[in-house]
> 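Starting off with a structure, shown below.
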Amino acid sequence: WDGLQHGLDKDQIARYSRQIILHSFGVQAQARLCRGSVLIVGAGGLGSPAALYLAAAGVGRVGIVDRDTVELSNIHRQVIHKEATVGMHKALSAAEACRALNSSIQVETHLEALTPANAVQLVRQYDVVVDASDNAPTRYLISDACCAAGRSLVSGAAIGTDGQLTVYCHGEDGPCYRCLFPEAPAAGNCARCVDAGVLGVVPGVIGTLQALEAVKLLSGVGDPLSRRLLVVDCAAGRFHSVKLRARSPNCVACGAAPSITTASLPSYDYAAFTGQAAANDAAPQPLQL
Amino acid sequence: WDGLQHGLDKDQIARYSRQIILHSFGVQAQARLCRGSVLIVGAGGLGSPAALYLAAAGVGRVGIVDRDTVELSNIHRQVIHKEATVGMHKALSAAEACRALNSSIQVETHLEALTPANAVQLVRQYDVVVDASDNAPTRYLISDACCAAGRSLVSGAAIGTDGQLTVYCHGEDGPCYRCLFPEAPAAGNCARCVDAGVLGVVPGVIGTLQALEAVKLLSGVGDPLSRRLLVVDCAAGRFHSVKLRARSPNCVACGAAPSITTASLPSYDYAAFTGQAAANDAAPQPLQL
Amino acid sequence: MELLFGNQKTVEADIPVSNGGQLTVAEAMAWARDNLLTERPELFMKGSSVRPGVLVLVNDTDWELCGELEAEVAEGDRVTFISTLHGG
Amino acid sequence: MELLFGNQKTVEADIPVSNGGQLTVAEAMAWARDNLLTERPELFMKGSSVRPGVLVLVNDTDWELCGELEAEVAEGDRVTFISTLHGG
Ligand SMILES: [Zn+2]
Ligand SMILES: [Zn+2]
């Protein structure tokens with residue numbers, strides 16, 4: 001049966017047949033996907049479609065990190081959850097949906113937050129990382145951990161009706177987040193969806209595109225968005241792609257002589273660096289009109 | 001409570017709060033969404049994310065048309081379904097997922113195919129139509145019905161790693177599908193995902209964007225993609241938007257003196273016009289490698 | 001579409017202009033069919049125009065807004081052929 | 001970003017050039033801050049450069065590839081300021 005040594009069984013061939021028959025994809029690409037693994041940090045607006053599509057596509061092992069529980073006000077955009085899982089741990093709710101879609105893959109949940117103490121060893125367990133988080137200190141942490149562990153990072157963000165997407169830490173010359181933004185923006189310039197608002201479909205668009213980039217990285221098919229930033233204005237229906245700088249030799253995380261390393265990262269103070277805590281601990285006020 | 005006369009109850013305010021607090025959206029836009037209705041033709045690769053996001057966003061009434069049943073080979077891209085619904089009617093499987101996400105909206109299922117006999121009266125029952133179908137004769141039928149009934153049409157398509165998206169029949173000068181393609185392509189030029197293959201995330205991207213366009217049309221927020229065609233090359237990560245012609249005065253469906261009308265449409269032979277049947281009745285061969 | 005052009009999505013070409021005048025889209029298409037096409041011409045053109053289901057663009061604008069076959073193209077202009085998709 | 005510029009996403013401007021020479025991005029930014037900004041300048045600039053978290057583009061290219069503050073801009077060039085987003 002496995003004359004071509006792709007390692008897929010009959011059920012997998014049946015399940016993924018529409019991708020396998022695609023001329024530019026094929027059975028070897030599917031096999032790479034099935035052998036691959038992805039860590040999705042955040043099971044919210046971005047993580048919902050990313051996790052659904054990566055599980056559906058057949059990524060062999062999907063890890064989901066989230067410390068929060070599902071709230072009713074999440075569901076207008078976090079479509080992996082449902083009313084019945086309000087109050088459930090988000091990572092568990094997301095994992096349940098992924099397994100219901102594809103019981104043939106492994107889904108691992110990480111119920112504590114990503115921290116300087118656990119980030120590098122967690123990231124090391126996966127081939128590719130998807131930043132589906134919602135705050136600046138976590139984004140710097142994820143980028144630094146990917147530099148230290150040598151993993152490509154699919155970074156997406158969404159707020160209001162705007163979205164952004166790129167692949168960091170990729171190949172010989174891909175920059176990391178710090179290469180672009182070595183100084184953290186002031187806390188007042190880092191709006192969160194819970195405070196500023198977001199149109200539900202917007203993280204839907206970006207999160208699905210993040211799944212696409214992760215599929216390209218794991219399967220080896222297509223050109224990942226490395227050194228290119230996709231800027232999406234959903235209200236105007238405008239998508240434009242901008243060319244980005246290469247990795248910086250002076251970067252403290254990924255340059256020639258990085259000061260942020262596997263050894264030093266656990267003691268790096270991301271809250272001090274960004275002037276904000278990762279978790280938005282104060283529950284948002286119920287909306288009064 | 002309802003001093004601003006938006007008609008939303010406390011649960012709705014809580015559920016949609018993150019959209020309501022968005023400055024460019026607000027409570028009146030949410031109220032318009034909650035009063036609106038959308039017909040999604042097709043609960044497959046495009047319809048899956050479109051239905052999920054429209055239900056989540058709070059569209060008051062969602063209609064889903066599909067005559068097929070869920071198959072295992074659908075699930076790599078049709079993430080609204082799950083392993084447990086293989087064998088179930090797609091429209092019912094999709095409706096179940098929508099209600100699980102949002103029990104406060106109405107979800108209506110139409111288990112028979114869209115046909116010349118039922119199209120106009122079905123389309124008339126909704127404010128906006130989403131073409132999430134998968135074949136040429138149905139696409140011409142949907143466009144003609146929208147012209148006859150005066151409804152805007154969010155049309156998306158995906159195959160391989162390519163996608164397209166536009167809004168037809170909109171406003172004073174929006175063209176319909178026939179305005180662009182008055183002569184149907186030969187059957188050999190109309191590939192179907194089941195035969196040519198499709199990367200699962202690709203209809204995911206387009207279907208989510210279709211939900212976005214429908215939200216803009218129903219809420220009145222943002223600029224819909226009328227007279228603009230978005231062309232997406234997912235493999236290369238390229239999005240470009242092209243400017244389209246206006247409605248054609250000579251168009252047989254939407255021009256000054258249309259020959260395809262509410263009265264004549266039921267007897268129009270779409271199979272003859274396109275040289276193909278709507279349904280791909282022969283079940284595809286199981287994939288042998 | 002690229003299957004017809006040796007699997008290339010983009011082709012840069014210098015098209016010789018007859019009569020020292022302007023090049024029209026019709027002439028550019030005929031030249032492409034005769035010089036670039038590696039597969040069956042009927043999948044690209046029908047008579048002297050493009051076959052049904054293909055949208056022709058001149059610099060990201062529907063050719064219907066530019067004069068269709070008679071639209072003039074000059075140095076640096078981009079002519080694009082897009083097949084309408086039906087899958088979902 | 002547009003909140004700082006009177007809620008306009010795009011502004012076309014003719015910037016007077018001193019010394020009859022080329023305009024640099026640094027000069028264009030200073031001019032924008034002094035002539036277009038309707039809100040707090042510290043949300044746009046820090047010293048003579050852009051504040052942290054803002055990516056500057058010259059014609060859809062990262063300014064780091066064009067010389068940053070010293071990049072020269074001419075008639076028809078587009079300078080864009082993009083805030084990095086963190087939400088999800
Ligand atoms: Zn770096
Ligand atoms: Zn028309």
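Since the model is a prediction, treat every value here as computed from it, not as a measurement. Note on naming: letters A, B, ... go to the chains in the order of the sequence lines (proteins, then strands), and numbering restarts at 1 for each one.
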> Picking from A/S133, A/A158, A/G45, which has the most non-hydrogen pairs under 4.5 angstrom with chain D?
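Heavy-atom pair counts peak at A/A158.
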> Please name all residues satisfying ring-ring contact (aromatic ring centres under 6.0 Å, His included) with A/Y126, sequence neighbours left out, ordered by chain then number.
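Testing A/Y126 for ring-ring contact (aromatic ring centres under 6.0 Å, His included), a comparison that skips the adjacent residues, returns none.
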> Does a side-chain heavy-atom distance below 4.5 Å link D/S83 with A/N189?
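No, every pair of side-chain atoms sits at 4.5 Å or beyond.
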> State whether D/K46 and A/E183 are salt-bridged, where the test is any N-O pair (Lys NZ or Arg NE/NH1/NH2 against Asp/Glu carboxylate O) under 4.0 Å.
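Salt bridge flag = yes for A/E183 with D/K46.
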> Does any heavy atom of chain A fall under 4.5 Å from the side chain of D/L55, the backbone, both, or neither of them?
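Contact with chain A is through both the backbone and side chain of D/L55.
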> Heavy-atom pairs under 4.5 Å with chain D: which of A/G42, A/A191, A/C190 has the most?
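Heavy-atom pairs under 4.5 Å are most numerous for A/C190.
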> Under a 4.5 Å heavy-atom cut-off, does chain D meet the side chain of A/S248, its backbone, both or neither?
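When you check distances to chain D, no heavy atom of A/S248 falls under 4.5 Å.
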> Rounded to the nearest 0.5 Å, how far does CD1 of A/I206 lie from CG of D/L85?
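So the CG of D/L85 and the CD1 of A/I206 are separated by 9.0 Å.
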> By number, which residues in residues 59-67 of chain D have some heavy atom less than 4.5 Å away from chain A?
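Interface residues of residues 59-67 of chain D: D/D60, D/T61, D/D62, D/W63, D/E64, D/L65.
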> Is the closest side-chain heavy-atom distance between D/V54 and A/F181 below 4.5 Å?
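Contact flag for D/V54/A/F181 side chains = no.
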> SG/A/C193 to NE2/D/H86 distance, rounded to the nearest 0.5 angstrom?
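A/C193 atom SG to D/H86 atom NE2 measures 12.0 Å (nearest 0.5 Å).
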> For a 4.5 angstrom cut-off between non-hydrogen side-chain atoms, does A/Q164 reach D/I82?
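The answer is yes; the side chains approach within 4.5 Å.
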